[in-house]
Amino acid sequence: MEDISKNIPEKESLNFLEEIIENDLKSGKYKEIITRFPPEPNGYLHIGHAKSICLNFGLALKYGGKTNLRFDDTNPVKEDVEYVDSIKEDIQWLGFKWANEFYASDYFEQLYEWAVQLIKKGLAYVDDQTLEEIRKNRGTVTEPGKDSPFRNRSVEENLDLFIRMRKGEFADGARILRAKIDMAHPNMQMRDPIMYRILHASHHRTGDKWCIYPMYDYAHGESDSIEKITHSICTLEFDIHRPLYDWFIEQLDIFPSHQYEFARLNLTYTVMSKRKLLQLVTEGRVTGWDDPRMPTICGFRRRGYTPESIRNFCERIGVAKRDNVIDVSLLEFSLREHLNKTAKRVMAVLNPVKVVITNYPEGQEEEMDAINNPEDENAGTRKVPFCKEIYIERDDFMENPPKKYFRLSPGQEVRLRYAYFITCQEIVKDEEGNIIEIRCTYDPASRGGNSPDGRKVKGTIHWVSAKHAIQAEVRLFDRLFNKENPEDTEEGQTFLENINPDSLQILKSCYLEPSLKESQRLEKFQFERLGYFNVDYDSKPGALVFNRTCTLKDSWQKEQEK
RNA sequence: UGUCCGAUGGUGUAGUGGCAGCACAGCAGAUUUUGGUUCUGUUAGCCUAGGUUCGAGUCCUAGUCGGAUAACCA
């Protein structure tokens, strides 16, 4: 794995978390900072998690601390080992190393003991109310709640009941353990929050050892505390939980971890809800969590994104506490920026039309030298075969060109990249008037793309030798979600109907230059003018399939749209 | 209708009470063997109203707008 610790760009200013950490370090509050990334293993990681990962790991890296990976696995009915494996793979792919791999379930015994301690201190009680009663008695945001009739049970009775809860004497939902705080608290989270529920469910790690499971609010802060997490960084919706986080730590008198909140990432045209992504997978709308149209980390990986580009993106968007919606074009910019420097340039023709060079000797073949990457001298050159018949892009020819069209048109001379200047002399059409062949002459003196008389051509186009071309399939992706951010609202319920049917992949046969024959899966290329692609597997054995990872900026297209 | 959080160009993000900066997007030009890339220039901003102050994006008060919050989810 590459070492990214030396690779952190120097910034002129600090974000608010860096400022907090620097102050804590300076004041001597902590000698070493410890953060954690705490996913629940109930789904695959998406680009929103990438922000959290970059933050937690990045902060520790920057200040010489460490980061734990902790699976927040307190709800066995939703969780699975498939997810823990994928999460670990994705974090590593992003380039981060965790100091320890922990599980909230590792702490179940300790958490239980602490719960007993709270009962003994009269700070927790067993409640026999039904779900509906609890809900009703919690009050509303404007009305205070009502005390449970079981709220004032004796310590002995609570202890007995709780022990029996653990033993499995009661059915699911029969009783719960609650913290005894204040049913009239203006913060709903403090109205005697539930600590434990009975769940006779098999856990992916602890099996059937437990039939009571701690709730997030009871488990999270304590888990942080056990690991001596100094800065527990989470998203904004948890800020209302912070008083409770602090309450448990204070009552238990354990290591005082602190929680800090930041605004989660929102991307235009992208659904980030785990629930809906799961729905897409289970309903078979996509081929899996790693479908290249998914905003998951593995989806982006298969699509051809690089970890570096995602890290740079996260750096660029910054971190703050106000809600934000980042334009996907910034993500794409970050990818292009990286791929521009690293991706091999290669010629391919997606939408071919044949060009015959009439004055080129029949049967002659040549090899042209092509530069692999103009931005990287070490990338070297390759040989590209050339002969009398070639394919060019249909878009690179216009019979009746508008003004300022630089590419091929009748009488117009263009450069074939790395090859010759050609001039269009004649067009061959079928009965329906479709252009089936373009006949050109070439200038033998312009070999390599320069004319000795120094004349300039404005247009340069890509091509592929008809005789030597290999055929492959190309997938062009649209974004799966064409509605802006249908989050967890009623509007979001209809989001599946809002999926653009055109977002389905287009599998299209095309012509590639022969050097692509040796391509390996997940190699990345810039197809001249056509965008960035990466090689992927396909159902058909031996077939080369290219996924479009990202498009090129195209000012010509923009001009046309005006 | 409570409580909590937030508000700086189109989008994000900086700004010990002292000239509002940076990135992306946009626009204009230069370079270019792909109308890409690169480079240069440039448009555009402190939610409102009061107050404190020589001086307020920053501090105070009130309001407006946005978000979170009433799961035996995390």
Side-chain angles (χ1 to χ4, degrees), chain A residues 11-16 38-40 42 72-75 77-79 104 127 129-131 134-136 138-145 172-178 185-191 194-199 212-213 215-217 219-220 234-243 261 263 268 274-275 315-327 329-334 336-337 340-341 345 347 370-371 374-375 393 396 404-407 414-419 448-450 457-462 526 528-531 551-560:
Chain A
K11 278 186 306 167
E12 39 324 295
S13 59
L14 300 177
N15 65 46
F16 77 100
E40 183 189 14
N42 68 345
D72 227 336
D73 55 351
T74 56
N75 186 1
V77 302
K78 283 190 178 177
E79 295 152 7
D127 195 345
Q129 290 183 106
T130 63
L131 214 169
I134 288 173
R135 209 171 272 172
K136 204 176 104 200
R138 189 155 25 218
T140 68
V141 288
T142 50
E143 306 155 43
D172 288 4
R175 296 180 215 267
I176 52 164
L177 184 73
R178 304 179 78 170
H185 199 106
N187 181 347
M188 300 282 294
Q189 309 298 325
M190 301 295 275
R191 319 244 259 231
I194 295 166
M195 294 166 60
Y196 274 91
R197 75 282 215 189
I198 300 170
L199 232 42
I212 55 171
Y213 290 93
M215 300 287 290
Y216 166 87
D217 282 305
H220 201 94
C234 63
T235 49
L236 239 35
E237 67 267 27
F238 290 102
D239 80 330
I240 203 158
H241 295 241
R242 183 162 14 94
E261 308 85 19
T268 54
K274 253 191 194 177
R275 209 194 85 240
E315 188 64 42
R316 215 176 311 252
I317 58 177
V319 55
K321 296 189 76 163
R322 76 186 91 135
D323 297 321
N324 61 85
V325 184
I326 313 273
D327 202 297
S329 65
L330 186 58
L331 214 209
E332 293 178 344
F333 165 82
S334 302
R336 280 200 303 265
E337 179 184 55
N340 263 329
K341 293 194 191 92
R345 310 304 137 98
M347 294 195 283
I371 294 164
E375 298 182 41
E393 212 65 55
D396 287 344
K404 289 193 181 168
Y405 183 80
F406 304 150
R407 283 115 83 177
V414 298
R415 170 168 39 234
L416 295 174
R417 184 157 221 215
Y418 303 125
N450 284 305
V457 291
K458 263 222 170 110
T460 302
I461 62 175
H462 58 271
Q526 188 192 106
E528 301 280 10
R529 187 160 22 219
L530 300 170
T551 53
L552 243 28
K553 270 175 134 184
D554 193 345
S555 57
W556 165 251
Q557 197 176 32
K558 258 183 243 159
E559 206 169 301
Q560 290 305 290

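Below, chain A is the first sequence line, B the second, and so on; all start at residue 1.
More than 12 heavy atoms of other residues, nucleotides or ligands lie within 6.0 Å of NZ in Lys321(A), so this atom counts as buried by the packing criterion.
Set against A25(B), U69(B), G35(B), the side chain of Tyr405(A) has G35(B) as its closest nucleotide. For Trp556(A), the side-chain atoms get nearest to G35(B) when compared with the rest of G36(B), A14(B), G35(B). Closest to the side chain of Arg407(A), out of G36(B), A14(B), G35(B), is G35(B). For Ile326(A), the side-chain atoms get nearest to G12(B) when compared with the rest of G2(B), G12(B), C24(B).
Look at the P atom in both U32(B) and C39(B): the space between them is 16 Å, to the nearest Å. For the P atoms, the distance from U38(B) to C4(B) is 48 Å, rounded to whole Å. Annotation: U31(B) and U40(B) have their C1' atoms spaced 11 Å apart (nearest Å). For A56(B) and G18(B), the P atoms lie 11 Å apart once the distance is rounded to whole Å. Comparing the C1' positions of U43(B) and U1(B) gives an interatomic distance of 45 Å, to the nearest angstrom. Going from the P atom of C19(B) to that of U37(B) covers 36 Å, rounded to whole Å. Taking the C1' atoms as reference points, U69(B) lies 31 Å from G10(B), given to the whole Å. The gap from the P atom of A71(B) to that of U64(B) amounts to 28 Å, rounded to the nearest Å.
Residues satisfying the salt bridge (charged side-chain N to carboxylate O under 4.0 Å, His left out) test with Arg242(A), not counting sequence neighbours, are Glu261(A). By the side-chain hydrogen bond (donor to acceptor under 3.5 Å, both in side chains) test, Gln526(A) is found to be paired with Asn340(A), Tyr532(A), residues two or more places apart in sequence or in another chain being considered. For Arg415(A), there are no salt bridge (charged side-chain N to carboxylate O under 4.0 Å, His left out) partners two or more places apart in sequence or in a different chain. Contacts of Thr235(A) classified as side-chain hydrogen bond (donor to acceptor under 3.5 Å, both in side chains), with partners at least two apart in sequence or in another chain: Glu237(A). Evaluation of the salt bridge (charged side-chain N to carboxylate O under 4.0 Å, His left out) rule for Glu337(A) yields Arg316(A) as partners, not counting sequence neighbours. Shown here are the side-chain hydrogen bond (donor to acceptor under 3.5 Å, both in side chains) partners of Arg197(A), two or more places apart in sequence or in another chain: there are none. His462(A) is linked by a ring pair (Phe, Tyr, Trp, His ring centres under 6.0 Å) to nothing, counting only residues two or more places apart in sequence or in another chain. Scored by the side-chain hydrogen bond (donor to acceptor under 3.5 Å, both in side chains) test, Asp327(A) finds Ser329(A) as partners (sequence neighbours excluded). Contacts of Phe238(A) classified as ring pair (Phe, Tyr, Trp, His ring centres under 6.0 Å), with partners at least two apart in sequence or in another chain: Tyr216(A), His241(A).
Distance CG (Asn15(A)) to P (G12(B)): 17 Å, rounded to an integer number of Å. Spacing between atom CZ of Arg178(A) and atom C1' of A70(B) amounts to 12 Å, rounded to whole angstrom units. Atom CG in Asp327(A) sits roughly 10 Å away from atom P in A25(B) (whole-Å rounding). The nearest whole Å value for the distance from the CZ atom in Arg415(A) to the P atom in U32(B) is 10 Å. What separates CG of Leu331(A) from C1' of U11(B) is a distance of 14 Å, to the nearest Å. Rounded to whole Å, the distance from CE on Met190(A) to P on A70(B) is 15 Å. Atom CG of Leu330(A) and atom P of U11(B) are 14 Å apart (whole Å). In this structure, Asn450(A) places its CG atom 11 Å from P of U32(B), rounding to the nearest Å.
Annotation: of the two residues near RNA chain B, Arg336(A) and Asn324(A), the 5′-most nearest-nucleotide partner is Asn324(A). Each of Ile371(A) and Gly318(A) was assigned the nucleotide of RNA chain B with the nearest heavy atom; the assignment lying further toward the 5' end belongs to Gly318(A).
Phe333(A) comes within contact range of the sugar-phosphate backbone alone, with a heavy-atom separation under 4.0 Å but no base atom that close. Counting non-hydrogen atoms under 4.0 angstrom, Val77(A) reaches nothing in the nucleic acid. Nucleic acid contact for Lys341(A): none, since no nucleic acid atom lies under 4.0 Å from a heavy atom of the residue.
The base of G12(B) has none of its N or O atoms less than 3.5 Å from a complementary donor or acceptor on the side chain of Arg316(A).
With Glu79(A) contributing its side chain and Asn75(A) its backbone, the two residues share a donor-acceptor pair below 3.5 Å.
Ile317(A) pairs in a side-chain contact (heavy atoms from CB on, under 4.5 Å) with only one of the listed residues (Asn324(A), Leu330(A), Leu331(A)), which is Leu330(A).
Helical stems in RNA chain B, defined as runs of 3 or more consecutive Watson-Crick or G-U wobble pairs with donor-acceptor distances under 3.5 Å: B:2-7 with B:64-69, B:10-13 with B:21-24, B:26-30 with B:38-42, B:47-51 with B:59-63.
Between Ser555(A) and the phosphate of G36(B), there is a side-chain N or O to OP1/OP2 separation shorter than 4.0 Å.
A donor and an acceptor atom, one from each side chain of Gln189(A) and Asn187(A), are nowhere located under 3.5 Å apart.
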Polar atom pairs (N or O), protein with nucleotides 71-74 of chain B, under 3.5 Å:
{"unit_1": "A71(B)", "atom_1": "O5'", "unit_2": "Arg138(A)", "atom_2": "NH2", "d": "3.4"}
{"unit_1": "C72(B)", "atom_1": "OP2", "unit_2": "Arg138(A)", "atom_2": "NH1", "d": "3.1"}
{"unit_1": "C72(B)", "atom_1": "OP2", "unit_2": "Arg138(A)", "atom_2": "NH2", "d": "3.0"}
{"unit_1": "C72(B)", "atom_1": "N4", "unit_2": "Leu131(A)", "atom_2": "N", "d": "3.4"}
{"unit_1": "C72(B)", "atom_1": "N4", "unit_2": "Gly173(A)", "atom_2": "O", "d": "2.9"}
{"unit_1": "C73(B)", "atom_1": "OP2", "unit_2": "Arg197(A)", "atom_2": "NE", "d": "3.1"}
{"unit_1": "C73(B)", "atom_1": "OP2", "unit_2": "Arg197(A)", "atom_2": "NH2", "d": "2.9"}
{"unit_1": "C73(B)", "atom_1": "O3'", "unit_2": "Arg197(A)", "atom_2": "NH2", "d": "3.2"}
{"unit_1": "C73(B)", "atom_1": "O2'", "unit_2": "Asn75(A)", "atom_2": "ND2", "d": "3.0"}
{"unit_1": "A74(B)", "atom_1": "OP1", "unit_2": "Thr74(A)", "atom_2": "OG1", "d": "2.7"}
{"unit_1": "A74(B)", "atom_1": "OP1", "unit_2": "Arg197(A)", "atom_2": "NH1", "d": "3.4"}
{"unit_1": "A74(B)", "atom_1": "OP1", "unit_2": "Arg197(A)", "atom_2": "NH2", "d": "2.9"}
{"unit_1": "A74(B)", "atom_1": "OP2", "unit_2": "Tyr216(A)", "atom_2": "N", "d": "2.9"}
{"unit_1": "A74(B)", "atom_1": "O4'", "unit_2": "Glu40(A)", "atom_2": "OE1", "d": "3.4"}
{"unit_1": "A74(B)", "atom_1": "O3'", "unit_2": "Asp72(A)", "atom_2": "OD2", "d": "3.3"}
{"unit_1": "A74(B)", "atom_1": "N6", "unit_2": "His241(A)", "atom_2": "NE2", "d": "3.4"}

Anything under 3.5 Å between a protein N or O and an N or O of nucleotides 3-9 of chain B, put it in a table, one pair a line.
{"unit_1": "C4(B)", "atom_1": "O2'", "unit_2": "Asp239(A)", "atom_2": "OD2", "d": "3.3"}
{"unit_1": "C5(B)", "atom_1": "O4'", "unit_2": "Asp239(A)", "atom_2": "OD2", "d": "3.2"}
{"unit_1": "U8(B)", "atom_1": "OP2", "unit_2": "Arg322(A)", "atom_2": "NH1", "d": "3.2"}
{"unit_1": "U8(B)", "atom_1": "O4", "unit_2": "Arg322(A)", "atom_2": "NH2", "d": "3.1"}

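The existence of a salt bridge linking Arg529(A) and Asp396(A) is confirmed by a sub-4.0 Å separation between a basic side-chain nitrogen and an acidic carboxylate oxygen.
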